[in-house]
Amino acid sequence: MLKLRNALQHRLLEATTQAFPLADVVVDFPLSPATKPEFGDFQANGAMGLAKVLGRPPRRIAQAVVDQLHVDDLCHPPQVAGPGFINFTVRAEVLAAEVEARLDQPRLGVPTAQPQQRVVVDFSSPNIAKEMHVGHLRSTVIGDCIARLLSFLGHRVVRLNHLGDWGTQFGMLIAHLKHMAPRSLSGEERVELGDLVAFYRQAKERFDEDEAFQEQSRREVVNLQAGEPESLRAWQLLCQQSRKAFQAIYDRLDVHLVERGESFYNQALPGVVEDLEQARLLVVDDGARCVFLEGMTAKDGQPLPLIVQKRDGGYNYATTDLAAIRQRLASPDAGGEGAERVVYVTDAGQSNHFAAVFQVAQRAGWVPKGCRLQHVPFGLVQGADGKKLKTRSGATVRLQDLLDEAVDRARRDLVERMAQEQRQNEEDFIAHVAETVGIAAVKYADLSQNRTTNYQFNFDRMLSLQGNTAPYLLYAYVRIQGIARQGGSLVAAAPGAICLQAPQELNLARQLLNFDEVILEMEQDLLPNRLCSYLFGLSQTFNRFYDQLPVLKAPEPSRATRLALCRLSARTMNLGLALLGIKTLDRM
RNA sequence: GGGCAUGUAGCUCAGUUGGAUAGAGCGUCAGAUUCCGGUUCUGAAAGCCGAGGGUUCGAAUCCUUCCAUGCCCGCCA
């Protein structure tokens with residue numbers, strides 16, 4: 001409806017200037033989508049605002065504007081309602097023409113962004129030698145969705161996995177590896193570390209108990225940073241092992257990332273501190289080198305420092321994040337990424353940190369004009385008790401276990417339903433459906449909630465076949481495919497064949513045509529739940545349509561019209577879900 | 001103590017630049033089936049939008065004070 005809205009907005013402004021040719025009044029008369037279906041398709045609320053300026057009753061103003069409006073080709077006569085709203089209802093023939101035009105548009109009416117930018121989306125970011133857990137779920141799912149959206153809009157998107165692959169804890173791990181599997185380092189023996197979490201735990205235990213081991217661990221950190229070959233090899237071995245585990249999960253989630261761990265910026269860290277020194281931002285405080293932040297205070301009301309080099313000379317995460325910003329925003333000739341926008345998808349707890357780091361980057365002059373650094377925060381994943389999600393024994397929930405359970409449950413549901421319906425299906429089918437539904441349910445549950453709030457994780461709810469869930473949406477899609485299987489061609493409609501008559505047809509057409517508005521809205525604030533609630537509403541409208549009107553058995557021209565609506569519904573669902581990172585099924 | 005969030009129906013949550021009578025889903029209760037997959041559809045009950053004050057034609061939305069909850073606050077990320 002974007003095109004229609006723009007056209008109407010244009011005419012509305014013309015009518016307003018005709019009605020009130022006052023040079024000194026800036027006439028702003030915005031047209032927005034109607035807040036309720038009974039108000040039509042669009043509404044204009046400008047009359048109330050102008051009432052004071054013009055010193056006339058708002059309804060009279062609205063009527064004066066309507067009198068100058070020429071929109072007969074697009075709408076029914078606009079209605080003045082309430083205190084002075086103007087309501088517009090688009091003509092059925094116009095809707096039909098829009099539906100027909102959209103049937104063959106690959107982008108379903110969504111324009112590409114102008115200008116197209118180079119965007120870095122930084123998300124997921126697990127730590128080497130630790131397992132991915134619920135904490136990584138939201139970043140991975142939301143980040144992937146945002147990256148998909150921005151690429152769809154035509155931006156050149158680089159999806160970076162800022163892996164925790166460097167730092168003091170590696171000394172401990174390397175030292176432990178050297179004890180456990182010394183021959184693996186020389187390549188004489190292939191080592192399978194197996195459960196890296198257990199390995200990490202062992203190393204940590206030993207570190208806490210054994211003083212000699214502590215000393216050795218510290219030496220390994222120094223060795224690693226100095227590039228000592230054997231320590232480096234141990235480090236690589238650990239990274240490789242983790243990478244395999246991560247990749248298995250990314251494959252399952254259909255999430256693609258470019259690995260760009262913290263170690264990538266290691267060489268740049270001294271330069272970052274030098275730059276800050278050059279920019280006269282650096283202050284030595286209590287032996288640490290830091291930048292004092294503007295507008296941020298610590299507990300005692302003193303200015304808050306961002307430490308970039310510790311007392312012992314080591315660097316910390318703030319330094320790495322600064323190095324990353326500098327590299328991402330630098331031009332490609334300077335070895336940079338040339339990004340015009342960098343989006344960080346991390347939990348809301350890091351808001352302060354990013355505000356600090358962005359401020360320092362800004363003051364250091366690393367952010368070129370027109371470039372934008374953006375933290376996209378999200379809330380915690382909580383259990384049914386409203387507290388941070390844990391297993392029954394109190395441990396962190398492994399992401400792999402969480403996905404397994406979702407798929408298991410989806411499978412049990414499916415098998416039970418098949419028994420009830422006396423349906424026979426191949427094992428391949430069952431496995432594929434269970435996997436798709438399970439993963440979709442987990443993703444959708446996360447995305448369908450406003451990301452800024454904490455989110456209560458609940459298997460029963462997300463896998464339910466009713467309500468705002470992935471299975472409900474997938475089922476609506478499956479129904480359309482069912483029509484196709486029964487002989488309804490969703491391939492094409494004859495030109496001019498669409499004739500919208502029944503209210504269910506008109507409702508569905510309107511909903512379908514709103515897709516473009518929703519995508520642009522989602523782009524504005526990067527809230528995937530906007531798209532989710534749209535797709536849920538579309539599924540509901542479709543189910544009503546499907547329930548109340550026959551498609552295949554309908555006489556012409558209804559049959560062709562309804563098939564066209566089915567086709568556009570399927571395409572819209574498919575594209576919408578794809579932007580969420582969710583795959584559709586033809587049968588389930 | 002400071003900062004950032006959050007507070008809307010029994011539960012889980014939407015609510016667009018301030019717009020019309022406050023919106024879903026689940027649950028509850030009452031209905032629908034000659035139909036392309038009933039995993040559906042129709043309807044009902046359910047609200048002091050945390051509390052007070054302010055801004056204006058108009059506030060869940062903006063400002064302010066307070067209350068409650070969560071997260072963060074110097075060398076971990």
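Order of the sequence lines fixes the chain letters, A, B, ..., with proteins taken first and strands second; residue numbering starts at 1 for each chain.
Across all strands shown, B:A46 has no partner, as no Watson-Crick or G-U wobble contact with both distances under 3.5 Å is found. B:C71 is paired with B:G3 under the Watson-Crick or G-U wobble criterion, all donor-acceptor distances under 3.5 Å. Here B:C36 sits opposite no nucleotide as a Watson-Crick or G-U wobble pair (both hydrogen-bonding atom distances under 3.5 Å). B:C26 is paired with B:G10 under the Watson-Crick or G-U wobble criterion, all donor-acceptor distances under 3.5 Å. The partner of B:U61 cannot be assigned: no Watson-Crick or G-U wobble pair with both contacts below 3.5 Å exists in any strand. Look at B:U21: it lacks any Watson-Crick or wobble partner with both distances under 3.5 angstrom.
Taking only side-chain nitrogens and oxygens, A:Asn45 never comes nearer than 4.0 Å to OP1 or OP2 of B:U17. Here A:Arg479 does not reach the OP1 or OP2 of B:U40: none of its side-chain N or O atoms lies under 4.0 Å away. A close approach under 4.0 Å does occur between a side-chain nitrogen or oxygen of A:Arg530 and OP1 or OP2 of B:G15. Distances shorter than 4.0 Å separate some side-chain N or O of A:Gln540 from OP1 or OP2 on B:G25. Remark: A:Thr453 is in phosphate contact with B:A14, judged by side-chain N or O atoms under 4.0 Å from OP1 or OP2. Under 4.0 angstrom from either OP1 or OP2 of B:U6 there lies no side-chain N or O belonging to A:Tyr455. Note on A:Gln466: every side-chain N or O is 4.0 Å or more away from OP1 and OP2 of B:U39.
The interatomic distance linking A:Phe85 (CZ) with B:U21 (C1') rounds to 12 Å, in whole Å. For the pair A:His353 NE2 and B:A77 C1', the computed distance is 7 Å after rounding to whole Å. Put simply, OH on A:Tyr472 is 18 Å from C1' on B:U12, counting in whole angstrom units.
The base of B:A32 is not paired with the side chain of A:Asp547 by any donor and acceptor separated by under 3.5 Å. Donor-acceptor pairing under 3.5 Å, judged by distance alone, is present between the side chain of A:Arg417 and the base of B:U39.
With no hydrogens or angles considered, a side-chain donor-acceptor pair links A:Thr541 and A:Gln511 at under 3.5 Å.
Under the stacking definition used here (centres under 5.5 Å, planes under 30°), the residue A:Phe39 qualifies as stacked on the base of B:A20. Look at A:Phe536 and the base of B:A24; the rings do not stack under the cut-offs of 5.5 Å between centres and 30° between planes.
Remark: of the listed residues A:Tyr265, A:Phe123, A:Phe264, A:Tyr265 is the sole one forming a ring-ring contact (aromatic ring centres under 6.0 Å, His included) with A:His162.
Taking the C1' atom of each, B:U21 and B:A59 are spaced 16 Å apart, rounded to whole Å.
For the pair A:Asp41 and A:Arg510, the salt-bridge criterion is met [side-chain N within less than 4.0 Å of a carboxylate O].
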